[in-house]
Undergrad: 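Sharing a structure with you now.
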Amino acid sequence: MDDRRRGYGIIEVSRRPWKLFEDECRYLVYQSLSGFDIKPTDIVFESPPSHIYGELSTPICMMLARKTGLNPQDLALEVKSRIDTADRRFIAKVDVASPGYLNFYLDKPSFFKLLISSIQALGVEWGRLESDRRLRVIVEHTSVNPIHPIGIGHARNSFLGDSIAALLEARGYDVHRHFYIDDVGRQVSILAYGYNLLGKPRFEEKPDSFLGYIYASISCILEIRRLKSELESCRSKQSEDEYMKISSRLDEWVAIAAELRSRNEKLFDRLLESIESDKDPEGRIAEINRLYEKRLDEDIVGIVREVVTLCLEGFKETLSRVDVDFDSWDWESDIVWSGEVDRILSMLKSTSYCRLEEGALIFDVAEAARDLGLEERIDIGLELPSLTLTRADGTTLYTTRDIAYAFRKLKQYDLSITVIGMDQKLPQIQLMITLSALGVDRVLDRYKPLFYGLVKLPGYRMSSRRGRIVTLDDVLDEARVRALTEVRKRSPNIDPREAERIAEAIAVGAVKYALISVSPERDIVFSWDKVLNFEMNSGPFLQYAYARSSSILSKADVDYIYADFDPTILNDRLEEDLLIHISKYPEIIWYSSENLAVHIVAEYANELAMKFNSFYDKLPVLKAEPLELKIARLKLVYAFKSTLGSALRILGIRPLERM
RNA sequence: GGGCCUGUAGCUCAGCAUGGAUAGAGCACCGGCCUCCGGAGCCGGAGAUCCCGGGUUCAAAUCCCGGCAGGCCCGCCA
């Protein structure tokens with residue numbers, strides 16, 4: 001058990017007080033059900049809908065009654081009669097409710113005593129669990145292609161990933177945050193091609209934003225060229241439908257071109273001219289791709305690395321604004337150049353699943369999955385498409401390189417989390433099957449992609465190729481302006497620089513909360529209203545409750561913290577609700593880390609803030625009489641602040657002492 | 001055509017793992033609350049065929065089967 005005794009006097013400390021209560025209940029029920037064939041873990045507990053049914057409840061008797069044909073109510077009464085609560089610590093009473101619930105009533109004073117002294121003793125360790133084995137974990141997230149600024153959709157990835165990392169740290173793991181730089185492949189080659197055409201142009205703006213413009217413009221120009229030639233060949237074949245289809249797509253791209261051109265006519269025209277004077281831009285791009293991947297031309301290597309590095313500078317600027325940091329930046333090209341990809345390829349070739357088709361190397365994923373008996377463990381229908389590992393020109397594809405990267409991850413870490421868009425589910429599954437085929441140990445347990453839904457603009461999905469992207473920078477700027485007006489309105493006398501600092505924290509909190517608080521598998525339709533929400537169920541709402549609690553504590557004599565206190569005095573329903581909710585915090589950490597579900601933490605924090613606000617509104621703290629009550633309430637406020645503070649840190653939202 | 005994800009109040013979303021007591025929040029709407037620790041707040045009201053249809057069960061938003069709608073994927077793109 002994680003209890004220990006410390007200090008003078010005897011102060012008992014528990015990292016998981018609620019679990020102590022639950023385990024006590026579990027043990028009693030288990031003992032009383034000795035005649036049945038069940039394990040303690042078969043007994044599930046839930047929170048009753050109302051406190052009149054106690055604090056913990058189990059329907060186990062109803063479940064057993066079904067199997068045995070007994071009457072659930074009778075069984076529950078029988079169990080109750082066998083339970084002896086005389087020498088129990090945290091159970092005040094056991095009762096039976098129709099149609100067969102066993103309800104447990106918490107012995108609040110002794111529980112609250114333990115809870116509050118634990119939180120005080122643990123300090124920042126409160127909410128941090130101890131794991132028997134300190135797993136080494138890699139969390140790879142963000143990994144935005146270095147060809148355009150970070151969009152609000154990518155930001156969902158960053159926030160989710162950073163938060164998951166913090167959560168797993170709280171779980172007691174050794175967590176490493178990695179950014180995978182996708183510098184190999186066609187997209188970066190396109191950008192490098194354009195950047196080179198312009199003769200390494202100078203620019204004033206943020207580098208990722210400038211490069212994003214170049215990338216969008218070139219892909220647009222190329223797309224129009226391609227569509228035009230398709231249209232030509234279509235005309236000769238006289239297929240009316242096809243012609244109309246291509247023609248309308250062409251119209252769409254021409255409109256996009258006009259839009260892009262209006263943003264920077266000189267630059268756009270220069271690009272257009274240069275591309276038009278190039279006989280074979282597509283060929284040149286493929287050439288850049290090949291020369292870079294094979295590292296055959298140091299000039300090309302220099303240019304590609306230069307654009308990518310520039311873009312990353314922009315990323316770092318944005319990411320530091322939102323407190324997202326990485327332990328490592330892993331270049332995809334390094335994995336190729338180091339020979340890791342070749343080694344993986346030759347290992348794959350030596351399996352029976354590879355074949356050559358028109359010069360390209362193909363891996364039969366479906367067959368591998370069947371042979372390895374993986375069908376049942378993978379939640380995708382097994383008409384798994386084959387995976388192309390190499391192009392006819394010998395260059396590799398994204399997933400191939402990702403397999404090598406994943407191989408490395410699982411070699412160096414016990415557990416690998418990859419935060420990645422839902423649209424990449426299939427390639428990730430192909431990757432896992434491929435790794436399994438290579439004999440990597442327990443791939444499905446150790447390689448965990450965390451898929452999330454796309455962030456769409458109302459009407460259409462964002463597209464960096466179309467230059468249609470709402471950037472995180474823009475959203476943050478807008479949120480900060482909004483927050484600053486609020487701060488000024490509420491605290492007119494505040495120091496302007498302090499106001500800026502607070503507004504920025506609020507802006508970041510609002511945007512993060514909006515993206516993190518919905519379950520990841522859902523798509524999100526971007527809306528300013530949602531992201532700039534400062535009211536209930538928002539980042540600022542949490543920060544506000546936190547600021548209120550610290551305001552109280554800052555006005556109190558610090559000695560209260562050392563004072564002994566009488567837990568029986570905290571007997572208002574509002575106080576009890578708040579304390580019980582606080583005590584469940586470590587369980588939330590446990591559950592949400594098991595399920596890689598940070599939105600659970602967000603929801604918990606929101607409820608916690610709501611309970612605190614109700615308490616705050618109705619019950620005075622600083623003016624509470626007698627002194628014992630004031631001390632007890634101050635300790636409660638401290639416990640709240642400590643808990644919300646910890647949850648905010650996991651969510652990546654800055655706790656504010658004032659706002 | 002096949003696969004995956006989603007469908008809960010006018011709107012945005014929890015709840016689905018492990019079936020269980022009156023299906024919870026927020027926004028918007030209606031009505032109250034600043035002589036008292038910060039009103040970004042609190043209290044109350046109204047608002048739900050839990051997409052539809054079957055099935056399993058004493059009990060289904062939750063599990064199973066079949067539909068429907070939306071999104072995504074099925075590339076020598078990433």
Side-chain angles (χ1 to χ4, degrees), chain A residues 41-46 48-50 53 57-59 62-63 65-66 71-72 97-101 103 145 147 182 184-188 357-362 379-385 388-393 395-399 401-402 421-427 429 451 453-454 456 461 465 483 486-487 489-491 506 514 517-519 521-525 527 529-530 533-538 540-541 543-545 547-549 551-556 591 594-595 597 599-600 602-603 606-607 609-610 613-624 633 637 658-659:
Chain A
T41 48
D42 292 337
I43 304 165
V44 297
F45 286 98
E46 55 199 37
S50 155
Y53 298 118
S57 166
T58 176
M62 280 127 75
M63 292 158 81
R66 168 173 45 177
N71 177 295
S98 153
Y101 285 102
N103 293 331
N145 288 350
I147 49 171
D182 184 15
V184 182
R186 225 183 89 87
Q187 292 190 317
V188 167
E357 270 179 25
E358 297 171 31
L361 191 64
I362 312 282
D379 59 343
I380 198 161
L382 261 287
E383 274 311 303
L384 281 168
T388 303
L389 295 169
T390 63
R391 297 187 180 93
D393 72 356
T395 57
T396 56
L397 279 93
Y398 176 77
T399 306
R401 301 185 295 268
D402 207 17
M422 197 77 86
D423 52 345
Q424 300 207 53
K425 190 159 183 166
L426 178 60
I429 283 167
F451 299 110
L454 268 41
K456 295 178 293 189
R461 71 184 270 197
R465 280 181 65 216
E486 289 297 305
V487 174
K489 194 165 79 194
R490 288 157 212 275
S491 334
I506 292 172
S517 60
V518 296
S519 38
E521 65 273 9
R522 293 185 82 103
D523 287 346
I524 293 180
V525 176
S527 97
D529 273 0
K530 226 178 300 168
N533 175 26
F534 295 173
E535 292 180 341
M536 202 179 286
N537 206 337
S538 76
F541 174 76
Q543 289 169 312
Y544 182 64
R548 279 174 142 186
S549 69
S551 170
I552 290 176
L553 295 178
S554 70
K555 286 174 187 138
Y591 178 83
E594 277 296 289
N595 295 284
H599 71 283
I600 305 263
E603 200 201 358
N606 190 52
E607 206 170 318
M610 277 167 59
N613 281 336
S614 300
F615 157 82
Y616 178 96
D617 201 65
K618 179 116 176 293
L619 304 173
V621 177
L622 296 173
K623 294 196 169 102
R633 285 195 178 150
V637 174
R658 55 179 295 203
M659 62 188 279

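Since we're looking at a predicted model, the values are computed, not measured.
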Undergrad: Any side-chain N or O of A:Asn613 less than 4.0 Å from the OP1 or OP2 oxygen of B:C42?
TA: yes
Undergrad: Treating primed atoms plus P, OP1 and OP2 as sugar-phosphate and everything else as base, which nucleotides of nucleotides 6-17 of chain B get B, S or - for protein heavy atoms under 4.0 Å?
TA: SS----SSSS-B
Undergrad: For B:C73, measure the glycosidic angle (O4'-C1'-N9-C4 for a purine, O4'-C1'-N1-C2 for a pyrimidine) and name it syn if it falls within 90° of 0, otherwise anti.
TA: anti
Undergrad: Of the candidate nucleotides B:A28, B:G38, B:A21, which contains the atom at the shortest distance from the side chain of A:Glu535?
TA: B:A28
Undergrad: What nucleotide among B:A21, B:C27, B:G39 has an atom nearest to a side-chain atom of A:Pro48?
TA: B:A21
Undergrad: Roughly how far apart, to the nearest Å, are B:G2 and B:G45 at atom P?
TA: 50 Å
Undergrad: Give a yes/no answer on whether the side chain of A:Arg548 brings an N or O atom under 4.0 Å of OP1 or OP2 in B:G39.
TA: yes
Undergrad: Distance check, P atoms only: B:A23 and B:A61, in whole angstrom units.
TA: 10 Å
Undergrad: RNA chain B: A:Asn606 or A:Tyr398, which has the more 5' nearest nucleotide?
TA: A:Asn606
Undergrad: For B:G39 and B:U57, measure between their C1' atoms and round to the nearest Å.
TA: 50 Å
Undergrad: When you compare B:C4 with B:C65, how far apart are their P atoms, in angstrom units rounded to a whole number?
TA: 11 Å
Undergrad: Determine whether a donor-acceptor pair (N or O, by modelled atom type, separation under 3.5 Å) exists between the side chain of A:Asp393 and the backbone of A:Thr395.
TA: yes
Undergrad: Calculate the interatomic distance between A:Gln424 atom CD and B:G75 atom C1'; express it in whole Å.
TA: 13 Å
Undergrad: Decide whether A:Ser527 and A:Asp529 meet the rule of one side-chain donor and one side-chain acceptor closer than 3.5 Å.
TA: no
Undergrad: About how many Å separate CZ of A:Phe451 and CE of A:Met422, when rounded to the nearest 0.5 Å?
TA: 8.0 Å
Undergrad: So if I take every side-chain heavy atom of A:Lys425 and compare against B:C5, B:A21, B:C76, which nucleotide ends up nearest?
TA: B:C5
Undergrad: Write down the distance between CG (A:Leu454) and P (B:G71), rounded to a whole number of angstrom.
TA: 12 Å
Undergrad: Indicate, with a heavy-atom threshold strictly under 4.0 Å, whether A:Ser551 touches base, sugar-phosphate, or nothing.
TA: base
Undergrad: Using heavy atoms to find the nearest nucleotide of RNA chain B for A:Asp393 and A:Ala97 separately, return the residue whose nucleotide is more 5′.
TA: A:Ala97
Undergrad: Over all strands shown, is A:Ile147 touching base, sugar-phosphate only, or nothing at heavy-atom distances under 4.0 angstrom?
TA: nothing
Undergrad: For A:Asn613, what residues pass the side-chain hydrogen bond (donor to acceptor under 3.5 Å, both in side chains) criterion, not counting sequence neighbours?
TA: A:Arg548
Undergrad: Rounded to the nearest angstrom, tell me the gap between atom CD in A:Glu357 and atom C1' in B:C76.
TA: 11 Å
Undergrad: Could you measure between the two C1' atoms, the one in B:G10 and the one in B:C68, and give it in whole Å?
TA: 22 Å
Undergrad: For the atom pair CD (A:Glu521) and NE2 (A:His599), what is the distance rounded to the nearest 0.5 Å?
TA: 7.0 Å
Undergrad: Can you identify which nucleotide, out of B:G71, B:C73, B:C37, has its nearest atom closest to the A:Leu426 side chain?
TA: B:C73
Undergrad: About how many Å separate OG1 of A:Thr399 and CG of A:Leu389, when rounded to the nearest 0.5 Å?
TA: 9.0 Å
Undergrad: Which atom names give the shortest non-hydrogen contact between A:Pro48 and A:Ser57, and what distance separates them?
TA: CG-CB, 3.8 Å
Undergrad: At 4.0 Å (heavy atoms only), tell me whether A:Met536 reaches a base, stays on the sugar-phosphate, or touches nothing.
TA: sugar-phosphate
Undergrad: Would you mind classifying the nucleic acid contact of A:Pro72 as base, sugar-phosphate or nothing, using non-hydrogen atoms under 4.0 angstrom?
TA: nothing
Undergrad: Consider the side chain of A:Thr388, meaning its heavy atoms from C-beta on, and name the nucleotide among B:C76, B:C73, B:A25 that approaches it most closely.
TA: B:C76
Undergrad: Where is the tightest heavy-atom contact between A:Met659 and A:Pro540, given as atom of each residue plus distance?
TA: CE-O, 3.8 Å
Undergrad: Name the closest nucleotide to the A:Arg391 side chain, picking from B:G38, B:C77, B:C42.
TA: B:C77
Undergrad: For A:Glu358, report the nucleic acid contact type (base, sugar-phosphate, nothing); a contact means any heavy atom under 4.0 Å.
TA: base
Undergrad: Classify A:Ile506 by what it touches in the nucleic acid, base, sugar-phosphate, or nothing, heavy-atom distance under 4.0 Å.
TA: base
Undergrad: Among the candidates B:A21, B:C37, B:C72, find the nucleotide nearest to the side-chain atoms of A:Ile552.
TA: B:C37
Undergrad: Write down the partner of B:A69 under the Watson-Crick or G-U wobble criteria, each distance required to be under 3.5 Å.
TA: B:U6
Undergrad: Looking at every non-hydrogen atom in both residues, tell me the closest pair between A:Lys530 and A:Val525 and how far apart they are.
TA: NZ-O, 2.9 Å
Undergrad: Under 4.0 Å between any heavy atoms, over every strand shown, what does A:Tyr544 touch: base, sugar-phosphate, or nothing? Just pick one.
TA: base
Undergrad: Applying a 4.0 Å non-hydrogen cut-off, can you work out what A:Asn103 is touching in the nucleic acid: base, sugar-phosphate, or nothing?
TA: base
Undergrad: Just name whichever nucleotide pairs with B:C36, Watson-Crick or G-U, keeping both distances under 3.5 Å, else none.
TA: none
Undergrad: Roughly how many Å is it from NZ in A:Lys618 to C1' in B:C36, rounded to a whole number?
TA: 15 Å
Undergrad: Could you tell me the separation between the CZ atom of A:Phe541 and the C1' atom of B:G39, rounded to a whole number of Å?
TA: 12 Å
Undergrad: Can you tell me how far OG of A:Ser517 sits from CD1 of A:Ile600, rounded to the nearest 0.5 angstrom?
TA: 12.0 Å
Undergrad: Looking for any heavy atom pair under 4.0 Å, which part of the strands does A:Val487 touch: base, sugar-phosphate only, or nothing?
TA: base
Undergrad: Using Watson-Crick or G-U wobble geometry with both distances under 3.5 Å, which nucleotide pairs with B:G44?
TA: B:C30
Undergrad: Assign A:Pro385 to base, sugar-phosphate, or nothing according to its heavy-atom contacts below 4.0 angstrom with the strands shown.
TA: sugar-phosphate
Undergrad: If I pick the C1' atom on B:A14 and the same atom on B:G26, what distance separates them, to the nearest angstrom?
TA: 10 Å
Undergrad: Sort out the partner of B:G24 for me: Watson-Crick or G-U wobble, both distances under 3.5 Å, none otherwise.
TA: B:C13
Undergrad: Is it the case that the side chain of A:Thr58 and the backbone of A:Val44 share a donor-acceptor pair, with hydrogens and angles ignored and the cut-off at 3.5 Å?
TA: yes
Undergrad: Atom CZ of A:Arg658 to atom C1' of B:C37: distance rounded to whole Å?
TA: 16 Å
Undergrad: Using a 4.0 Å heavy-atom cut-off, does A:Arg401 contact any base of the nucleic acid, only the sugar-phosphate backbone, or nothing at all?
TA: sugar-phosphate
Undergrad: If we take the C1' atom in both B:G75 and B:A59, what is their distance in whole Å?
TA: 50 Å
Undergrad: So if I take every side-chain heavy atom of A:Leu397 and compare against B:C76, B:C43, B:C37, which nucleotide ends up nearest?
TA: B:C76
Undergrad: Which part of the nucleic acid, if any, lies within reach of A:Tyr616 when heavy atoms closer than 4.0 Å are counted: base, sugar-phosphate only, or nothing?
TA: base
Undergrad: From CG of A:Asp617 over to P of B:C34, roughly how many Å is that when rounded to an integer?
TA: 11 Å
Undergrad: Among B:C42, B:G39, B:U18, which is the nearest nucleotide to the side chain of A:Ser614?
TA: B:C42
Undergrad: Report which part of the nucleic acid A:Gln543 touches: base, sugar-phosphate, or nothing (heavy-atom distance under 4.0 Å, all strands).
TA: nothing
Undergrad: B:C16 and B:G54: how far apart are their P atoms, nearest whole angstrom?
TA: 26 Å
Undergrad: Is B:C63 paired to anything, Watson-Crick or G-U wobble with both distances less than 3.5 Å, and if yes, which nucleotide?
TA: B:G55
Undergrad: Once you round to the nearest 0.5 Å, how far does OG of A:Ser538 lie from OH of A:Tyr544?
TA: 12.0 Å
Undergrad: Once you round it to whole Å, what is the distance between P of B:C4 and CG of A:Leu384?
TA: 11 Å
